[in-house]
Amino acid sequence: MSDYEVDVTIQDGDLSESALGGLTNNPEREEWFRDLGLGLFIHWSLDTPLGSVISHWMCGADNSIRENFVENFPALFNPRKFDADDWARTAKLNGFRYMVFTTKHHAGFCMYDTGTTSFNVMNTAFGRDIHKELVESFRKMDIATGIYFSPFDFKWLIDNGKELHFATPEVLPENNPGLMTYNQTQLRELLTNYGKTDFVFFDGPPVGLKNLVWQADPQTLVTRGEMKTPEQELPNEPIEGVWEANYTLGTQWNYKATNEVYKSGTEIIELLIATRARGGNLLLNITSDPHGFIPFEQERLLGELGLFLFFNGEAIYDVRPWVVTNDGPIYYTKAKESQTVYAFLTGEPWEYAQRKEVTLRSIRATENTEVSMVGQNGKVLEHSPHADIETRGVQKNDGLHISTVRAYRPYNNRKWPNPAVLRITNAAPI
């Protein structure tokens, strides 16, 4: 370890729900979490430079291959260009409100300075505590920080004579007291040596672990392990309460140097919209390349998302679902503290300076309703000072009819392939 030791003041012993009085997530913190809306997932481990699936390749791999990985790859792991401040600035610039980092994935390699095993980032050619650098940089940018933690630990299982399977009874921590104690010790390190942890994401059974989190700090939220966290798919309907969708930018959580197919920026933006309309947060994954950079393709997609949020962020943060998720391609969110509703016009791009009409079939205007397009002042069209760009709304029996013009210009050529957003104040449901 470096210049700190494991704080063992978090008590040992029975960490079951019955023993600790039924601890759970703090409801006020859950509401705070829902306000954040968009998180950055960072998958990064010893096998990232390989470009393989993270950890899972070890199941069924020849023993000589696994031994080569454990014995030789730490000397090859050297992301020497890594700058945590650059990563945090990129996240802040592009609208992320929280991050979650893979402190230990299933392989058992620790991306932090641990006293439990030599199989950790300090014993690599890089030799620096990546987790420590990330959380410190992200906190400086006022971005909440969380940890991903796998209870499975393939290396521990192999070292202790277990045939490596994934999530079968014989490899579960609850059936391996030594592994349970090992995980609890590592979790104590993470919760006591790195400042405040806002979230813990357990990618595996949280038995014997999540109550330790709440005992350490009742304000820390357990995401996976306590709330629904659908992976690579969205529910068809809103999920009651707090939840989080987890998605990759491409097809893989880990770095994939070749044969990768990325989503388009529009797909990612519409994914965020659909998630927020259903009441969830989106945890969007990136990774590092072998040198410590965010891969160019991933950073480029974050930039398109960030540009959308620069103009339209008020419709994504601090919002809750409206009475319906969507009317066809029109998706809705509602401001948490008011009766302002936002309508996201997905599908066909909204041409610059062209008047267009839409009907919002779930909204009824009141006498105090005002309608406008988010991201513009509704008064000025560049180079056309006398243009009529006023947004107008008329209530009819079939909904609120809105006529408006997109006058803001994200791109030099005035084209914008992504959704425009309408703001309707003092709205009521039909």
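All values below were derived from every heavy atom in this structure, side-chain atoms included, with hydrogens, water molecules and symmetry-related copies excluded.
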Revision key, fill the gap. In short, salt bridge (Lys or Arg N to Asp or Glu O under 4.0 Å) pairs touching residues 356-371 with sequence neighbours left out are Arg361-Asp398

Check your understanding: Asn94: what forms a side-chain hydrogen bond (donor to acceptor under 3.5 Å, both in side chains) with it, not counting sequence neighbours?
Key -> none

Point to revise | Residue pairs passing the salt bridge (Lys or Arg N to Asp or Glu O under 4.0 Å) test where at least one lies in residues 338-355, sequence neighbours excluded | key: Arg355-Asp388

Review point. Below 4.5 Å, heavy atoms only, C-beta onward: do Phe82 and Trp87 meet side chain to side chain?
Key: yes

Check your understanding: Is any side-chain heavy atom of Leu249 less than 4.5 Å from a side-chain heavy atom of Asn285?
Key -> no

Practice item. Could you tell me whether the side chain of Trp44 reaches within less than 4.5 Å of the side chain of Ile286, counting heavy atoms only? Key: no

Exercise for review: Check whether any side-chain heavy atom of Asn246 lies under 4.5 Å from a side-chain heavy atom of Arg224, and answer yes or no.
Suggested key: yes

Review point. Does Tyr262 have any side-chain hydrogen bond (donor to acceptor under 3.5 Å, both in side chains) partners at least two apart in sequence or in another chain, and if so, which?
Key: Gln298

Exercise for review: Compare all side-chain heavy atoms of Phe109 with those of Ser55 and state whether any distance is below 4.5 angstrom.
Suggested key: no

Review point. How are the rings of Phe69 and Phe119 set relative to one another: parallel (under 30°), tilted (30 to 60°) or perpendicular (over 60°)?
Key: perpendicular

Review point. Could you give all pairs that pass the salt bridge (Lys or Arg N to Asp or Glu O under 4.0 Å) test and reach residues 296-305, with sequence neighbours left out?
Key: none

Point to revise | Sequence neighbours excluded - ring pair (Phe, Tyr, Trp, His ring centres under 6.0 Å) pairs with any residue from residues 200-237 | key: Phe41-Phe201, Tyr148-Phe201

Practice item. Give a yes/no verdict on a cation-pi contact between Arg97 and Tyr317, requiring under 6.0 Å between NZ or CZ and the six-membered ring centre and an angle within 45° of the axis. Key: yes

Check your understanding: Do Tyr255 and Ser288 touch side chain to side chain, with heavy atoms closer than 4.5 Å?
Key -> no

**Study point:** Separation between OG1 of Thr145 and CG of Leu40, rounded to the nearest 0.5 Å
**Key:** 12.5 Å

